[in-house]
Visitor: 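Here it is, the structure in full.
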Amino acid sequence: MDYRLGLMCGTDLPVPFLETSVHQPRLNEIALIGEQDFFSGVQCLCFYKNMFAQDKSVKMDTNNFQIFMTIMSDKSAKDKKNATIQLLSLLFPQSQVMMTPRSILLNNKNTDPKYIDDSNFEAL
């Protein structure tokens with residue numbers, strides 16, 4: 001799907017596998033959580049296992065979602081988890097964002113809960 005025009009216009013972009021859309025945050029919305037937390041959350045969502053290719057502690061069969069969840073469950077990375085939840089709350093303003101041990105839960109009172117997990121994280 002070609003999202004270029006939607007990205008330029010700042011419209012919400014459909015996410016078919018979640019049956020919802022991603023809201024493109026405006027600068028004033030980013031300012032509410034702070035630029036540093038915004039970029040910290042973006043950085044956490046964009047980890048790729050290729051970044052750790054030379055790290056022997058990361059197994060070859062580990063996927064990006066497993067790395068993401070490892071970071072989110074690390075007690076010393078609580079600030080990164082909070083920043084990521086704030087970012088996801090900007091991206092999905094109609095939903096309450098919660099982290100479970102194996103997924104990200106997008107809970108919306110008007111629809112069924114949506115889960116971002118091992119099976120669909122890459123598409124996000």
Side-chain angles (χ1 to χ4, degrees):
M1 191 168 207
D2 187 2
Y3 291 116
R4 289 179 292 182
L5 184 58
L7 289 170
M8 287 186 276
C9 295
T11 61
D12 291 354
L13 302 172
V15 183
F17 71 91
L18 288 175
E19 298 172 356
T20 189
S21 60
V22 172
H23 172 71
Q24 290 189 62
R26 311 293 189 266
L27 287 175
N28 61 337
E29 295 168 331
I30 294 170
L32 290 174
I33 68 169
E35 184 179 7
Q36 186 173 357
D37 283 346
F38 175 79
F39 285 115
S40 180
V42 168
Q43 185 179 33
C44 287
L45 281 179
C46 294
F47 273 117
Y48 292 101
K49 74 176 182 179
N50 296 346
M51 299 168 113
F52 303 100
Q54 303 202 355
D55 188 350
K56 303 287 189 236
S57 66
V58 177
K59 297 177 185 172
M60 291 305 294
D61 61 344
T62 303
N63 64 35
N64 294 332
F65 184 71
Q66 291 167 334
I67 293 170
F68 171 76
M69 290 308 288
T70 300
I71 294 166
M72 294 297 104
S73 64
D74 186 1
K75 295 201 186 298
S76 66
K78 190 173 178 97
D79 56 332
K80 289 182 181 6
K81 180 178 179 178
N82 290 337
T84 303
I85 290 173
Q86 288 179 340
L87 171 65
L88 288 168
S89 295
L90 284 181
L91 297 177
F92 300 101
Q94 69 281 7
S95 299
Q96 180 184 10
V97 178
M98 293 182 274
M99 294 281 181
T100 70
R102 295 184 186 188
S103 68
I104 302 167
L105 172 64
L106 303 176
N107 200 7
N108 184 329
K109 62 184 170 193
N110 299 328
T111 63
D112 292 335
K114 310 294 184 209
Y115 295 92
I116 300 170
D117 58 19
D118 218 355
S119 66
N120 58 15
F121 182 75
E122 294 297 322
L124 179 64

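Bear in mind that the values here come from a model prediction, so they are computed numbers and not experimental data.
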Visitor: Between Gln43 and Phe39, is a side chain to side chain contact (heavy atoms under 4.5 Å, CB included) present by the stated rule, with each step listed?
Guide: CA-CA 6 Å; Gln43 185 179 33; Phe39 285 115; over 6 Å; no
Visitor: Hey, any chance Tyr115 and Leu45 share a hydrophobic cluster, counting ILVMFWY side chains that come within less than 4.5 Å of each other, even indirectly?
Guide: no
Visitor: Check whether Val42 and Phe92 end up in the same hydrophobic cluster, where Ile, Leu, Val, Met, Phe, Trp and Tyr are linked by side-chain heavy atoms less than 4.5 Å apart.
Guide: yes
Visitor: Just by modelled atom types, is the Gln36 backbone N or O under 3.5 Å from a matching donor or acceptor in the Ser40 side chain?
Guide: no
Visitor: Please answer whether the main-chain N or O of Asp117 pairs with a side-chain N or O of Asn120 as donor and acceptor at a distance below 3.5 Å.
Guide: yes
Visitor: Say you draw a straight line from CG of Leu91 to CG of Leu124; how long is it, rounded to the nearest 0.5 Å?
Guide: 7.5 Å
Visitor: Applying side chain to side chain donor-acceptor pair (under 3.5 Å), run through Asn63 and Asp118 and close with a yes or a no.
Guide: CA-CA 8 Å; Asn63 64 35; Asp118 218 355; 2.4 Å; yes
Visitor: Using 0.5 Å steps for rounding, measure from the CG atom of Asp79 to the OG1 atom of Thr84.
Guide: 9.0 Å
Visitor: Is it true that Ile67 and Ile116 fall in one hydrophobic cluster, defined by side-chain heavy atoms closer than 4.5 Å?
Guide: yes
Visitor: Any idea which heavy atoms bring Gly41 and Leu87 closest together, and the distance?
Guide: C-CD2, 3.4 Å
Visitor: With sequence neighbours left out, what residues match Phe68 under ring-ring contact (aromatic ring centres under 6.0 Å, His included)?
Guide: Phe121
Visitor: According to a 4.5 Å side-chain heavy-atom criterion applied to Ile, Leu, Val, Met, Phe, Trp and Tyr, with indirect links allowed, do Ile104 and Met72 form part of one hydrophobic cluster?
Guide: yes
Visitor: Locate the shortest heavy-atom distance separating Phe38 from Pro25; write the atom from each residue and the value.
Guide: CE1-CG, 4.3 Å
Visitor: For Glu122, does the CD atom have more than 12 heavy-atom neighbours from other residues, nucleotides or ligands under 6.0 Å away?
Guide: yes
Visitor: Specify the closest pair of heavy atoms between Thr70 and Ser73, including all atoms of both residues, with the distance to one decimal.
Guide: O-OG, 3.1 Å
Visitor: Distance from Arg102 atom CZ to Gln66 atom CD, nearest 0.5 Å?
Guide: 10.5 Å
Visitor: Quick check: are there more than 12 heavy atoms from other residues, nucleotides or ligands sitting under 6.0 Å from CZ of Arg26?
Guide: yes
Visitor: At their closest point, which heavy atom of Met69 faces which heavy atom of Pro101, and how far apart are they?
Guide: CE-O, 3.5 Å
Visitor: So which heavy atom on Ser103 is nearest to which on Phe65, and how close?
Guide: CA-CZ, 3.8 Å
Visitor: Transitively linked via ILVMFWY side-chain contacts under 4.5 Å: Met98 with Leu18?
Guide: no
Visitor: Checking Thr20 against Gln94 for the side chain to side chain donor-acceptor pair (under 3.5 Å) test, could you report, in this order, the C-alpha distance in whole Å, the side-chain angles of both residues, the deciding distance, and whether it holds?
Guide: CA-CA 9 Å; Thr20 189; Gln94 69 281 7; 2.7 Å; yes
Visitor: To the nearest 0.5 Å, what is the distance between CG (Asp37) and CD1 (Ile30)?
Guide: 12.0 Å
Visitor: From the options Leu106, Val97, Ile33, select the one residue that forms a side-chain contact (heavy atoms from CB on, under 4.5 Å) with Ser89.
Guide: Val97
Visitor: Heavy atoms, side chains only, cut-off 4.5 Å: are Ile85 and Met99 in contact?
Guide: yes
Visitor: Has the side chain of Gln24 got a donor or acceptor atom that lies under 3.5 Å from a matching backbone atom of Gly6?
Guide: yes
